[in-house]
Amino acid sequence: MQGTRSKLRRGVQPFWWPPSLIMRQAGSALLVGLLTRWKEMPKWFVRSGFRCLPGAAGSRGMGCIGFPSHPVWEMTTACNLRCVHCHASGGERMADELDTGEAKNLLMELARVEQFRMMAFTGGEPLVRHDLYELLAFSKELGFTNTIATNATLIDDAVARQLKRNGVVIAAVSLDGYTAETHDMVRGESGAFERAVRGIHALHRAGILLHINITAMGYNMRQMEPLAKLVEELDTGILLIYQLVPVGRGRLIDTAALDLSENERLIRFMAHAQRYTSAIMEPVAGPQYWPFLLQRACVHGGPTLRLSEKVFHGCSAGRGFIYIKPNGEVWPCPFIEVSCGNIRTMRFCDIWRTSPVLDDLRHREYRLKGQCGECAYRRLCGGCRGRAWAVTGDYLAEDPSCFIHAENGSGEKT
């Protein structure tokens with residue numbers, strides 16, 4: 001085992017190799033800065049930009065869910081909260097979750113994939129899993145940089161320091177309301193907001209870069225502006241604005257999902273807010289952000305569009321980004337509830353190479369349907385495949401909430 005582990009450690013490339021990856025990551029941030037006239041971009045590069053690089057390890061630019069090239073493992077469905085929109089229907093532990101030995105085998109398999117340098121741990125709530133620190137340490141030993149998605153309510157100074165010691169470089173914390181009343185309603189527990197903010201401060205003191213996730217939905221759309229200001233006050237490096245995709249427990253509140261006009265309003269807000277915030281903002285389930293920025297700058301084709309396609313990744317489902325469920329099922333993303341295989345019956349590398357679902361998504365520009373298949377921005381955006389799946393049951397269908405459509409390949413909005 002020791003020899004295998006040492007060999008695998010050498011196989012996980014460091015985040016800075018090859019240097020072209022860092023150039024692409026920096027290029028994507030610079031292009032966002034130019035397209036949004038981001039006033040705080042120099043400050044962000046100095047304060048947070050370089051610290052983001054280990055967490056973006058292996059990324060070939062900016063895309064949905066932040067960085068396209070990384071695995072996310074949903075360690076458990078167990079959670080101390082009961083969020084109304086949880087795609088994992090978090091609460092109770094799944095009966096057939098991977099045990100510690102199976103989890104380590106999974107991590108060793110993931111270490112064999114050349115593109116992967118960062119490992120993301122999520123749930124449920126990862127901190128309720130008894131072997132979290134052991135698995136973080138094992139992942140670090142393999143050569144991965146670790147990130148964790150958490151509600152932060154269980155984090156104090158001792159927990160934050162333990163996370164730091166075990167290789168966590170970025171902590172993604174969810175805030176779903178500017179007020180405690182809204183956040184606590186969404187999270188299903190009184191006091192969740194106060195405890196999350198306390199956890200955020202502990203993460204700061206431990207030297208872990210803060211990454212805030214906001215899920216935009218009917219309950220909080222009017223709070224986006226003050227929420228963005230709160231994120232600024234919390235000294236955040238990365239801000240991901242999710243859109244509610246009606247899967248998991250989110251199916252019960254599907255009327256709170258954004259429609260086409262609300263999607264446009266949110267993306268316009270993001271483009272405006274980026275100009276003034278110190279955090280870099282990225283969309284989740286809203287890949288129209290990238291073509292919107294280009295269309296607003298009158299980029300409909302030519303060399304600028306081709307350059308943008310190299311650093312903006314749009315929907316990342318299955319083409320770099322991959323999602324592993326607690327029982328070993330492999331999905332393209334948390335919103336596409338389609339199994340590509342199970343690591344208990346197949347090697348992950350075989351799933352990664354041979355899954356027909358992943359092949360569809362990696363060659364989506366030739367297989368997308370409806371207006372997404374005809375759009376001039378299909379390589380750069382591709383529509384939200386999770387939203388297409390949730391609404392139509394077809395992950396290649398057109399994105400029903402897209403407000404940008406190409407006409408005759410011109411990129412002009414119809």
Side-chain angles (χ1 to χ4, degrees), residues 65-66 77-91 122-128 147-156 159-160 170-205 208-258 262 265-266 269-270 273 277-279 281-286 334-335:
I65 318 187
T77 54
C79 188
N80 60 313
L81 300 181
R82 300 292 187 276
C83 303
V84 298
H85 61 311
C86 181
H87 64 80
S89 299
T122 187
E125 171 52 55
L127 283 162
V128 305
T147 70
I148 187 170
T150 173
N151 59 46
T153 62
L154 302 176
I155 295 178
D156 57 18
V159 170
I170 296 176
V173 179
S174 298
L175 286 178
D176 291 318
Y178 172 68
T179 64
E181 180 183 12
T182 301
H183 180 83
D184 291 356
M185 182 276 292
V186 171
R187 295 277 144 184
E189 184 169 320
S190 177
F193 181 83
E194 181 182 352
R195 296 199 304 277
V197 172
R198 194 159 55 229
I200 285 170
H201 290 309
L203 290 166
H204 268 307
R205 288 190 290 270
I208 296 173
L209 183 69
L210 181 63
H211 164 157
I212 293 291
N213 292 336
I214 298 172
T215 299
M217 51 190 136
Y219 305 129
N220 62 12
M221 269 294 284
R222 294 184 179 181
Q223 297 184 18
M224 285 298 118
E225 187 170 346
L227 251 176
K229 290 179 181 177
L230 175 60
V231 166
E232 183 83 4
E233 293 170 7
L234 292 172
D235 194 24
T236 303
I238 304 167
L239 171 57
L240 261 57
I241 297 188
Y242 284 65
Q243 291 191 37
L244 170 64
V245 178
V247 296
R249 197 177 289 135
R251 288 188 178 90
L252 302 176
I253 56 165
D254 60 344
T255 56
L258 307 189
E262 290 167 329
R265 186 160 73 249
L266 178 66
F269 163 75
M270 288 180 61
T277 187
S278 296
M281 300 172 68
E282 299 179 54
V284 178
F335 307 130

Trainee: Does Ala172 offer a backbone N or O that forms a donor-acceptor pair with the side chain of Asn213 under 3.5 Å?
Mentor: no
Trainee: Please find the pair of heavy atoms, one from Gly218 and one from Leu258, that lie closest to each other, and give the distance.
Mentor: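 The answer is N-CD2, 4.4 Å.
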Trainee: Give a yes or no answer on whether the side chain of His183 reaches the backbone of Asp176 with a donor-acceptor pair at less than 3.5 Å.
Mentor: yes
Trainee: Does Arg265 reach the side chain of Met270, with side-chain heavy atoms less than 4.5 Å apart?
Mentor: no
Trainee: Look at the side chain of Thr236 and the backbone N and O of Ala279, then say whether any donor-acceptor pair between them is shorter than 3.5 Å.
Mentor: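 Between the backbone of Ala279 and the side chain of Thr236 there is no qualifying donor-acceptor contact (under 3.5 Å).
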Trainee: Thinking salt bridges, do Glu233 and Lys229 make one under a 4.0 Å N-O criterion?
Mentor: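 A salt bridge is absent here (no side-chain N lies under 4.0 Å from a carboxylate O).
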Trainee: Using side chain to side chain contact (heavy atoms under 4.5 Å, CB included) as the criterion, list what pairs up with Glu232, not counting sequence neighbours.
Mentor: Thr277, Ser278
Trainee: Leu154: what forms a side chain to side chain contact (heavy atoms under 4.5 Å, CB included) with it, not counting sequence neighbours?
Mentor: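 Leu154 satisfies side chain to side chain contact (heavy atoms under 4.5 Å, CB included) with Asn80, Glu125, Leu127, Val128 once adjacent residues are dropped.
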Trainee: If you look at every heavy atom in Ala88 and Gly124, which pair is closest and at what distance?
Mentor: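 So the minimum-distance heavy-atom pair works out to CB-N, 4.1 Å.
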Trainee: Where do His201 and Leu234 come nearest, in terms of heavy atoms and distance?
Mentor: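 That closest heavy-atom pairing would be CE1-CD2, 4.0 Å.
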Trainee: Identify the two heavy atoms, one from Ala196 and one from Ala152, that lie closest to each other, and give their separation to 0.1 Å.
Mentor: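 It is O-CB, 3.8 Å.
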Trainee: Are there over 12 heavy-atom neighbours, none belonging to Arg222, within less than 6.0 Å of that residue's CZ?
Mentor: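 No, not enclosed.
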Trainee: For Ile241 versus Ala216, what's the shortest heavy-atom pair and its separation?
Mentor: CG2-CB, 4.4 Å
Trainee: Return yes if some donor-acceptor pair links the side-chain N/O of Asn220 with the main-chain N/O of Thr215 below 3.5 Å, else return no.
Mentor: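 Yes: the side chain of Asn220 pairs with the backbone of Thr215.
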Trainee: Ile212 pairs by side-chain contact (heavy atoms from CB on, under 4.5 Å) with which of Leu230, Ile238, Val231?
Mentor: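 One option only clears the test, and that one is Val231.
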Trainee: Donor-acceptor check, side chain of Arg249 to backbone of Cys83, threshold 3.5 angstrom: yes or no?
Mentor: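 Checking the backbone N and O of Cys83 against the side chain of Arg249, a donor-acceptor pair under 3.5 Å is found.
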Trainee: What are the two closest heavy atoms between Leu209 and Gly237, and how far apart are they?
Mentor: CD1-CA, 4.2 Å
Trainee: Is it the case that atom OH in Tyr242 sees more than 12 heavy atoms from other parts of the structure closer than 6.0 Å?
Mentor: yes
Trainee: Using the side chain to side chain contact (heavy atoms under 4.5 Å, CB included) criterion, which residues pair with Val84? Sequence neighbours excluded.
Mentor: Val186, Tyr219, Ile253
Trainee: With rounding to the nearest 0.5 Å, note down the distance linking CE in Met224 to CG in Leu266.
Mentor: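 One finds 6.5 Å between CE of Met224 and CG of Leu266.
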Trainee: Run the numbers on Val173 and Leu210 for side-chain contact (heavy atoms from CB on, under 4.5 Å), then give the verdict.
Mentor: CA-CA 7 Å; Val173 179; Leu210 181 63; 3.9 Å; yes
